[in-house]
Amino acid sequence: QVQLVESGGGSVQSGGSLRLSCAASGYTYGYSCMAWFRQAPGKEREGVAAIDSDGDICYADSVKGRFTISRDNAKNTLTLQMNNLKPEDTAMYYCAQVPYYIGVYYYRLLPDRYRYWGQGTQVTVSS
């Protein structure tokens with residue numbers, strides 16, 4: 001079992017920055033793929049970025065060049081640095097983890113591939 005707790009959400013103006021963190025606890029040993037997802041009201045949950053234990057990273061096209069995902073395997077933390085935020089980035093952001101390899105990068109951004117989820121942290125970007 002893995003527990004995930006997100007932090008760092010808030011309200012910013014368009015063009016601003018936020019840094020989200022996710023602390024993992026429980027059985028965090030071995031290989032895993034971790035990701036950030038987001039869900040806006042009335043919309044489906046969508047993948048934002050994913051990173052595995054080896055440091056392989058993929059991003060959704062909508063955030064490439066603006067968001068940076070990273071992880072510290074020793075501290076069991078996942079981070080999402082979000083720059084040049086836009087109103088369309090407004091959503092609840094979730095951290096997710098699955099303890100096995102997902103070979104195809106596209107699949108790494110699909111929510112049904114993940115087993116463990118945090119409670120989410122709200123990000124609001126005003127114009």
I need the [X] [atom1] to [Y] [atom2] distance, nearest 0.5 Å.
X: S21; Y: K75; atom1: OG; atom2: NZ; value: 11.0 Å
X: L110; Y: E46; atom1: CG; atom2: CD; value: 11.5 Å
X: Q1; Y: S25; atom1: CD; atom2: OG; value: 10.0 Å
X: T68; Y: N83; atom1: OG1; atom2: CG; value: 6.5 Å

Heavy atoms, side chains only, cut-off 4.5 Å: are [X] and [Y] in contact?
X: P99; Y: Q97; value: yes
X: L18; Y: L85; value: yes
X: Y59; Y: V48; value: no
X: Y100; Y: C33; value: no
X: C22; Y: Y94; value: no

Please check this pair: side chain of [X] against backbone of [Y], looking for a donor-acceptor N/O pair closer than 3.5 Å.
X: D52; Y: D56; value: yes
X: R108; Y: A35; value: no
X: E6; Y: G120; value: yes

**Q.** Pairs where residues 78-107 contributes a residue and the test salt bridge (Lys or Arg N to Asp or Glu O under 4.0 Å) is met, not counting sequence neighbours
**A.** R38-D89, R66-D89
(Q) Tell me whether Q119 at atom CD has more than 12 heavy atoms from other residues, nucleotides or ligands lying less than 6.0 Å away. (A) no
Q: Check the surroundings of atom OH in Y107: do more than 12 heavy atoms from other residues, nucleotides or ligands lie under 6.0 Å from it?
A: no
Q | Qualifying residues under ring-ring contact (aromatic ring centres under 6.0 Å, His included), relative to F37, sequence neighbours excluded | A | Y114, W117
Q) When you check the side-chain N and O atoms of S32 and R115, is any donor under 3.5 Å from an acceptor? A) no
(Q) For the residue pair T28 / N76, report whether a side-chain donor-acceptor contact shorter than 3.5 Å exists. (A) yes
Q) Looking at M82, Q39, Q122, which hits side chain to side chain contact (heavy atoms under 4.5 Å, CB included) with Y93? A) M82
Q: Locate the shortest heavy-atom distance separating L4 from A24; write the atom from each residue and the value.
A: CD2-CB, 3.6 Å
